Participant: 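Here you go, one structure.
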Amino acid sequence: MKLFLDTADVGEIKRYAHVLSGVTTNPTLIMKSGRDFKEVVNEICSIVDGPISAEVTAEDAVGMFREAKEISSWHKNIVIKIPMVEEGIKATCLCSDAGIKTNVTLVFSVPQALLAAVAGATFMSPFLGRLDDVGQDGVYLVKEIVKVYGNYGFPTEIIAASIRGPTHVIECAKAGAHIATIPPKLMAQLYNHPLTDIGIKQFMDDWERAKK
Ligand code: E4P
C-alpha cells in the first residue's frame with residue numbers, strides 16, 4: 001500500500017517525503033495552510049514526485065472542467081479532486097476524455113465508488129473516519145469497494161481517506177486499498193512502538209558497557 005500525506009503543510013510534507021508516494025489536499029487544508037492555493041500546490045509538487053490532489057470548487061460540470069484544465073496545467077503531477085455529485089461525475093468523464101487525472105472525493109457508498117470508476121476516475125477516495133463518525137463502518141466500505149473493483153478489473157485506485165488512527169491503516173492495508181492518505185499527526189504515530197524504544201535503550205546501554 002502506498003502512503004500519501006493528507007495536508008497542505010509543506011513542513012510536514014518535507015519531513016515525511018522519504019516515504020511518500022503522493023499528497024492530498026482539500027479546500028479546508030489549503031485554508032489551514034494560510035497560503036495561496038496555486039503557490040502551495042506548486043511547492044508541494046516540487047517536494048514530492050507523485051500524484052498531488054488539488055480540488056475544484058465550481059458547482060457545475062463545465063465550471064469544474066474549466067478549473068481542472070487550469071489547475072492541471074500548473075504541473076504534470078497534479079490530480080484534480082472532484083466531489084462525488086452528479087455534476088462531478090460528468091466533470092470526471094470530461095477530464096478522463098481529456099487525459100486529465102482525477103480523484104473523486106467524498107465517497108461514502110459502493111454505488112458512488114462504482115460511478116467514479118465507470119466515469120474513468122484515476123483515484124477514488126472513500127472517507128472512513130467521517131463514516132465512523134456517523135455510526136457506520138468505514139473499513140467495511142473499503143472492503144466492499146475492493147471486492148467490486150476486483151470483480152471488473154477497474155483501474156481506478158482506491159485512496160483510503162479520512163483516516164483517523166493506526167487501526168484504519170492496518171485494516172485498509174489488509175483490505176487491499178491501493179493507497180492510504182494519512183494526516184501528519186498520525187504519520188508520526190506510525191513510526192512508534194514502545195518496545196522499539198526499550199530495545200534501542202538496551203542496545204545503547206549495552207554498547208556503552210561493551211566499549212569499556
Ligand atoms: C482526503 O483526501 C481528505 O482530504 C481527507 O482525508 C479528509 O479527512 P477528514 O475527514 O479528517 O477531514
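What you see is a predicted model, and the numbers here were worked out from it, not measured in a lab. Throughout, numbering of the chain's residues begins at 1 and tracks the sequence. Atoms within each ligand, like the ligands themselves, are counted from 1 in listed order.
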Participant: Would you mind checking which non-hydrogen protein atom is closest to atom 8 (O) of ligand 1, with the distance to 0.1 Å?
Facilitator: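 Atom 8 (O) of ligand 1 sits closest to the protein heavy atom Ser162 CA, 3.4 Å.
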
Participant: Looking only at distance, does Lys81 have an N or O less than 3.5 Å from an N or O of ligand 1?
Facilitator: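 Between Lys81 and ligand 1 (N or O atoms, distance only) the closest approach is under 3.5 Å.
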
Participant: Please indicate whether Glu59 has more than 12 foreign heavy atoms, meaning atoms of other residues, nucleotides or ligands, lying under 6.0 Å from its CD.
Facilitator: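 12 or below, so no.
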
Participant: To the nearest 0.5 Å, tell me how far Ile78 CD1 sits from Ile44 CD1.
Facilitator: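 It is 9.5 Å, given to the nearest 0.5 Å.
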
Participant: For Asp6, state whether at least one heavy atom is located under 4.0 Å from any atom of ligand 1.
Facilitator: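 Asp6: in contact with ligand 1 (<4.0 Å).
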
Participant: For the pair Phe37 and Trp74, name the ring-plane relationship: parallel under 30°, tilted 30 to 60°, perpendicular over 60°.
Facilitator: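 Perpendicular, since the angle between the ring planes exceeds 60°.
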
Participant: Starting from atom 7 (C) of ligand 1, find the nearest protein heavy-atom neighbour and note its residue, name and distance.
Facilitator: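 Ranked first by proximity to atom 7 (C) of ligand 1 is Phe127 CE2, 3.6 Å.
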
Participant: Do any nitrogen or oxygen atoms of Ser125 come within less than 3.5 Å of a nitrogen or oxygen of ligand 1?
Facilitator: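 Among all N and O atoms of Ser125, none is under 3.5 Å from an N or O of ligand 1.
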
Participant: Can you sort out which atoms of ligand 1 are near Arg164, meaning under 4.0 Å from one of its heavy atoms?
Facilitator: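 Once the distances to Arg164 are compared, the set is 9 (P), 10 (O), 11 (O).
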
Participant: What about Asn26: any of its N or O atoms under 3.5 Å from an N or O on ligand 1?
Facilitator: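 Among all N and O atoms of Asn26, at least one is under 3.5 Å from an N or O of ligand 1.
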
Participant: Taking atom OH of Tyr152 as the centre, does the number of heavy atoms from other residues, nucleotides or ligands within less than 6.0 Å exceed 12?
Facilitator: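 No, OH of Tyr152 has 12 or fewer neighbouring heavy atoms, counting only those of other groups under 6.0 Å.
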
Participant: Within a distance under 4.0 Å of any heavy atom of Ala161, pick out the atoms of ligand 1 and give their elements.
Facilitator: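 Contacts of ligand 1 toward Ala161, numbered from 1: 1 (C), 6 (O).
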
Participant: Does the side chain of Met124 reach to within under 4.5 Å of the side chain of Ile158, using non-hydrogen atoms?
Facilitator: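 Side chain of Met124 against side chain of Ile158, heavy atoms only: contact under 4.5 Å found.
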
Participant: Find all atoms of ligand 1 within a distance of less than 4.0 Å from any non-hydrogen atom belonging to Arg130, and give their numbers and elements.
Facilitator: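 Within the 4.0 Å cut-off of Arg130, ligand 1 contributes 7 (C), 9 (P), 10 (O), 12 (O).
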
Participant: Applying salt bridge (charged side-chain N to carboxylate O under 4.0 Å, His left out), run through Lys211 and Asp206 and close with a yes or a no.
Facilitator: CA-CA 9 Å; Lys211 286 195 295 188; Asp206 289 345; over 6 Å; no

Participant: Applying the side chain to side chain contact (heavy atoms under 4.5 Å, CB included) test to Phe123, which of Thr181, Thr156, Asn103 qualifies?
Facilitator: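 In the set Thr181, Thr156, Asn103, the residue that makes a side chain to side chain contact (heavy atoms under 4.5 Å, CB included) with Phe123 is Asn103.
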
